[in-house]
Number of protein chains: 2
Amino acid sequence: MTETVGETRERIVAAADALFYARGIQAVGMDEVRTAAGVSLKRLYAEFPSKEQLVLAVLASRHQQWEGGLAQAAAGLEDPRQRLLAVFDFLEAWFRDDTFRGCGFVNAFGELGATSPAVAGAVREHKQSFQDDIARLAVEAGADESLGSQLALLAEGAQTTAAIAGRADAAEQARRAADVLVAAALGPR
Amino acid sequence: MTETVGETRERIVAAADALFYARGIQAVGMDEVRTAAGVSLKRLYAEFPSKEQLVLAVLASRHQQWEGGLAQAAAGLEDPRQRLLAVFDFLEAWFRDDTFRGCGFVNAFGELGATSPAVAGAVREHKQSFQDDIARLAVEAGADESLGSQLALLAEGAQTTAAIAGRADAAEQARRAADVLVAAALGPR
DNA sequence: TACACTAGAGAACGAGCGTTCTCGGCGCAA
DNA sequence: TTGCGCCGAGAACGCTCGTTCTCTAGTGTA
């Protein structure tokens, strides 16, 4: 039953991610991460020399999941316009998840953005990457990038609203608004 | 040079608000609030029996400022459609403020929403109030409430985006999108 | 068997924080 | 003037947390 170093890292990151996301980063101690990951403190600190490094790894992992989920939502759709709107279906499924508690990056930014430049940078990069993705989809659909920016605002707002009001239908509202914006930019279907 | 109890409270709340907003709530200790407010710890705890109470007072004060700013932005505008869009002008001015660091309620929610039901509730109430305000403006302009929800999503998204990307023009993007949505709901001007 | 090495469990350390307590001085009533 | 109560300053307390250290048991090798 050997285990590679990579598997240990992944287990730690997964455990930390679940805890940080559910309760907030500062509310979770390294001891708790250790327990949840089933790993010794020594090992934990061998993998991540500081809590900040662990947080950055968690954010990196979350970014990959996000990118994968987004790609999967658009995969198989022929119509570029459909691919553009698929973002909101992806969001809706996420909002309905019991563990949903808003965008982990936004939460981390609010909590640590002011004190940790590294965390702030990671959050910025993630959001920029989302902007780029959706701008690319907009261009592929025949619109210009500003449509992407506008849809991104809707997606961000939906995440915040769904998290705070606890209403998953924010995704549907956003999607309806997105329909209007897309139609205005590209002409009705 | 006497000073009323109310003035002391206000001074404490103002100092705490500036510190909490700039650096995060958990990153600021009561000692620092005391120093910034120029008040003794005893007095501080006489006014606010716990840090959570102080946080709630700060959120309440921020809510009042927000409502006042919003009302002021719409004041004097005759056209209800203009009043609806004035939200985004208000946002833009705020985003250009040097101290802008996103929505304080969203930040507080990310930091404490999972551990403090009282804070989570205050944030929820604030956002609900904003939804109600903008829905009322939408109805006054002749649209139905769902237009308000959609514009609220844009406003939320603009706040997040402006905070993280540091780009105040998120307000302008949101306003342009709002123009399209309003025109679609009410017909071109 | 003896030895060197590793790794896990958790104690320990030092700092920071929320909250409370103590002390000393000042104002005020008699 | 004397006693009394209030209030500010900040020390103290108890707890938590990030990080490091110690001790011990187990393993592989000669």
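Protein chains get the first letters and strands the later ones, always in sequence-line order, with residue 1 at the start of each. Not measured: the values here are computed from a predicted model.
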If the condition is salt bridge (Lys or Arg N to Asp or Glu O under 4.0 Å), which residues does Glu156(A) pass it with, not counting sequence neighbours?
Lys127(A)
How many Å lie between [atom1] on [X] and [atom2] on [N], as a whole number?
X: Leu112(A); N: dG18(D); atom1: CG; atom2: P; result: 11 Å
X: Phe48(A); N: dT19(D); atom1: CZ; atom2: C1'; result: 16 Å
X: Tyr45(B); N: dC21(C); atom1: OH; atom2: P; result: 13 Å

Apply side chain to side chain donor-acceptor pair (under 3.5 Å) to Gln128(B) and list each qualifying residue two or more places apart in sequence or on a separate chain.
Asp132(B)
State which residues pass ring pair (Phe, Tyr, Trp, His ring centres under 6.0 Å) with Phe130(A); sequence neighbours excluded, sorted by chain then number.
Trp66(A)
Enumerate the salt bridge (Lys or Arg N to Asp or Glu O under 4.0 Å) contacts for residues 134-151 of chain B, please, sequence neighbours excluded, ordered by first and then second residue.
Arg83(B)-Glu140(B), Asp133(B)-Arg136(B), Arg136(B)-Glu140(B)
I'd like to check the side-chain contact (heavy atoms from CB on, under 4.5 Å) partners of Ala118(A); sequence neighbours left out, ordered by chain and number.
Glu52(A), Leu56(A), Ser116(A)
Checking Gln65(A) now: which residues fulfil side-chain contact (heavy atoms from CB on, under 4.5 Å) with it, not counting sequence neighbours?
Asp17(A), Ser61(A)
Scan the side chains in residues 19-36 of chain A for donor-acceptor partners under 3.5 Å anywhere in the protein, sequence neighbours excluded, and list what turns up.
unit_1	atom_1	unit_2	atom_2	d
Tyr21(A)	OH	Arg101(A)	N	2.5
Tyr21(A)	OH	Gly102(A)	N	3.2
Tyr21(A)	OH	Gly102(A)	O	2.6
Arg23(A)	NH1	Glu32(A)	OE2	2.9
Arg23(A)	NH2	Glu32(A)	OE1	3.0
Arg23(A)	NH2	Glu32(A)	OE2	3.1
Thr35(A)	OG1	Asp31(A)	O	3.0

Let's see if you get this right: which residues in residues 18-30 of chain A place a heavy atom under 4.0 Å from DNA chain C?
none
Pair Glu67(A), Ser129(A): side-chain N/O donor-acceptor within cut-off below 3.5 Å
yes
Please tabulate, one pair per line, all N/O donor-acceptor pairs under 3.5 Å involving side-chain atoms of residues 69-78 of chain A, not counting sequence neighbours.
none

When the side chains of residues 175-183 of chain A are checked against the rest of the protein, which donor-acceptor pairs come out under 3.5 Å, sequence neighbours left out?
unit_1	atom_1	unit_2	atom_2	d
Arg175(A)	NH1	Asp89(A)	OD1	2.9
Arg175(A)	NH1	Asp89(A)	OD2	2.9
Arg176(A)	NH1	Glu172(A)	OE2	3.1

At under 4.0 Å between heavy atoms, how does the protein contact nucleotides 8-15 of chain C? Give one character per nucleotide, 5' to 3', with B, S or -.
B-BB----
Based on the rotation axes of five pairs at each end, what angle does the helix from dT1(C)-dA30(D) to dA30(C)-dT1(D) bend through, to 10°?
20°
